Amino acid sequence: MRPETLAIRTQTPRTQHREHATPLYLTSSFVFDSAEQARALFAEEIAGPVYSRYSNPTTDEFVEKLRLLEGAEDGIATASGMSAVYTALASIVQSGDHIVAGRAVFGSTHQLFTRLFPKWGVSHTYVDGDDPARWAAAIQPNTKVIFVETPSNPGLDLVDLKALGALARSSGIAFVVDNCFATPIITQPITFGANLVVHSATKFIDGQGRVLGGAIVGDAALVAEARFLARHSGPALAPFNAWVLSKSLETLALRVEKHCANALLLATALEEEPAVQRVRYPFLASHPQSALARRQMRWGGGVLTIDVGSYDTARRFLDALTLCSHSPNLGDTRTIVTHPTSTTHSKLTDGERAQVGITPGLVRISVGLEHPDDLLDDLLQALGSGR
Ligand SMILES: *Cc1c(COP(=O)(O)O)cnc(C)c1O
């Protein structure tokens, strides 16, 4: 079946009440029918919920839907996107190992690489751009993982998933993709050779700015390692959040298509706007990787960036908005603008920001589902150039 159907019709078996929609299993543990069943469940001879840190029907339903959408063998849910990134990577590497990653990674992922993993003797090399030769050159004998985000946050840089998938396979290392920006509706990294896909479900998957959540899906053997780490370190997704996220997946395809249509419309209009120095959006012809974008993305995504010239101009623009929200989230029904230099990427040095294209005038716009004309009216009046 197709993604729209899978996201709606994948469902935990009904209870004796014959409910149409899935109930919320808000319980921390489950009762054993017999001493023998308890033994067999703990020995993993039979499957079934035991304790919500490692299994819960509501959480399992969410994971099962996402697994099918990504075309993965197996998966687990986590409490947040960062616990997914951390659990996925930490379950693969050990002391002495090395990670190769695109330089443009999410702020907290950068903190993991630069401040936390080094404590356990895990090093990394950042690669700029998408030239496969540079990626190949970064691989060392102790490299265990290639990690990428595409499109990246907030630079909207792409990496060639097919080329990196082939490189990882030929080097015998794991290829892990943070698919938060594209979602499986736009790109299925596993079809390009990814071994694990991690998600911040907080973003487009929830899509309505209500809950935090995350997931890891991919090759069964790698997911088994991640499951072991999660079971014993405890970043479990709360069943209530899983219930919200499973419900949200039912409308993911519909929402993502509309986010992308609105974003392309705004990106195209803003490109004509003299107060905007530069617009970046994967499906604009002006994006340096627009050909690659069209090869590996179904649509351009729900996020674009504009450069309004300076921090001062950005500040005036943010304070003049009356409809768009100034907030650090993305992927919401509500359009959200963020100024990476002063907020999400403020922990980076000026030099580090420059390397990933974060200029002081850069504003990230996560385009929501409001009417695009209302959005454009607000953006243009805040730019001081109403229609
Ligand atoms: C937000 C985000 C994360 C972290 O997700 P949380 O749910 O906030 O922990 C990881 N990767 C990317 C690309 C993100 O945008």
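Remember, it's 1-based here, ligands and their atoms both numbered in the order they're listed. Quick caveat: nothing in here was measured; it's all calculated off a predicted structure.
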Under 3.5 Å: N/O of [X] near N/O of ligand 1:
X: Gly81; value: yes
X: Thr109; value: no
X: Met82; value: yes

In ligand 1, which numbered atoms sit nearer than 4.0 Å to a non-hydrogen atom of [X]?
X: Phe181; result: 15 (O)
X: Glu149; result: 13 (C)
X: Asn153; result: 15 (O)

Tell me which protein heavy atom sits closest to [atom], plus the residue, atom name and distance to 0.1 Å.
atom: atom 15 (O) of ligand 1; result: Lys203 NZ, 2.8 Å
atom: atom 5 (O) of ligand 1; result: Ser200 OG, 2.9 Å
atom: atom 12 (C) of ligand 1; result: Asp178 OD2, 3.4 Å
atom: atom 7 (O) of ligand 1; result: Thr202 OG1, 2.6 Å
atom: atom 4 (C) of ligand 1; result: Phe106 CE2, 3.4 Å

Tell me which one of Gln355, Glu352, His110 satisfies side-chain hydrogen bond (donor to acceptor under 3.5 Å, both in side chains) with Tyr126.
His110

Looking only at heavy atoms, which two atoms of Pro23 and Thr15 are closest? And how far apart?
CG-CG2, 4.4 Å

Could you tell me whether Arg9 atom CZ has more than 12 heavy atoms of other residues or ligands within 6.0 Å of it?
no

Heavy atoms of other groups near Tyr51 OH, more than 12 under 6.0 Å:
no

Examine Lys203 relative to Phe106 and say whether NZ or CZ is less than 6.0 Å from the centre of the six-membered ring and inside a 45° cone about the ring axis.
yes

Determine whether the aromatic ring centres of residues [Y] and [X] are separated by less than 6.0 angstrom.
X: Tyr311; Y: His339; result: yes
X: His232; Y: Phe228; result: yes
X: Phe204; Y: His259; result: yes

